[in-house]
Amino acid sequence: MPEHRDPTEEYIHILSGAGKFTIDGQSHEVGPGTTIYMPPGALVSFENGAEPLVAIQVFAGPEPAAKYDAWEKVPASP
């Protein structure tokens, strides 16, 4: 996930996979069972690990989700 800011708070709960979240310059290794809170206006990015990440993502409002409309879809691996 490229570096960005959202106007509302956001939560992500990792179901499987791993990677590194960076929130306002602080990096955090995450894996299954980790829940991440991102405050409104935080500068965030994510670098995926070796396996695909599966997570539940919750926004405090619908506005931030619109950013995904412009993202390019990557075909699933065979």
Side-chain angles (χ1 to χ4, degrees):
M1 172 182 4
E3 196 170 67
H4 68 284
R5 294 181 193 272
D6 287 322
T8 59
E9 64 187 332
E10 181 177 344
Y11 297 85
I12 296 179
H13 181 75
I14 310 299
L15 300 174
S16 64
K20 179 173 68 172
F21 266 92
T22 302
I23 304 171
D24 287 335
Q26 293 188 339
S27 295
H28 308 273
E29 295 294 326
V30 299
T34 304
T35 300
I36 301 113
Y37 167 72
M38 291 170 276
L43 184 62
V44 300
S45 64
F46 175 71
E47 183 179 327
N48 202 55
E51 299 294 321
L53 184 89
V54 177
I56 298 170
Q57 186 173 19
V58 178
F59 295 104
E63 297 85 7
K67 70 178 172 238
Y68 297 117
D69 295 340
W71 286 19
E72 180 181 335
K73 293 184 181 182
V74 177
S77 299

request  = State yes or no: do V30 and I56 share one hydrophobic cluster built from I, L, V, M, F, W and Y residues joined by side-chain heavy-atom distances below 4.5 Å, directly or via other members?
outcome  =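 The answer is no; the residues belong to distinct hydrophobic clusters.
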
query = What pair of heavy atoms forms the shortest contact from P32 to S16, and how long is it?
reply =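 The answer is CG-CA, 3.9 Å.
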
message = Evaluate T34 against I12 for side-chain contact (heavy atoms from CB on, under 4.5 Å), listing each step before the verdict.
response = CA-CA 8 Å; T34 304; I12 296 179; over 6 Å; no

query = Are side-chain heavy atoms of F59 and D6 found at a separation under 4.5 Å?
reply =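 SC-SC contact between F59 and D6 confirmed.
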
Please table the atom pairs, donor to acceptor, closer than 3.5 Å between any side-chain atom in residues 37-55 and protein atoms at least two apart or in another chain.
unit_1, atom_1, unit_2, atom_2, d
Y37, OH, E9, OE1, 3.3
N48, ND2, E51, O, 3.0

task = Enumerate the residue pairs fulfilling side chain to side chain donor-acceptor pair (under 3.5 Å) with a member in residues 17-26, sequence neighbours excluded, ordered by first and then second residue.
result =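 For residues 17-26, and leaving out neighbouring residues, the side chain to side chain donor-acceptor pair (under 3.5 Å) pairs sorted by first residue read T22-S27.
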
message = Holding to side-chain hydrogen bond (donor to acceptor under 3.5 Å, both in side chains), I want the full list of residues that pass it with T35, two or more places apart in sequence or in another chain.
response =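 Result, side-chain hydrogen bond (donor to acceptor under 3.5 Å, both in side chains) vs T35: H13.
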
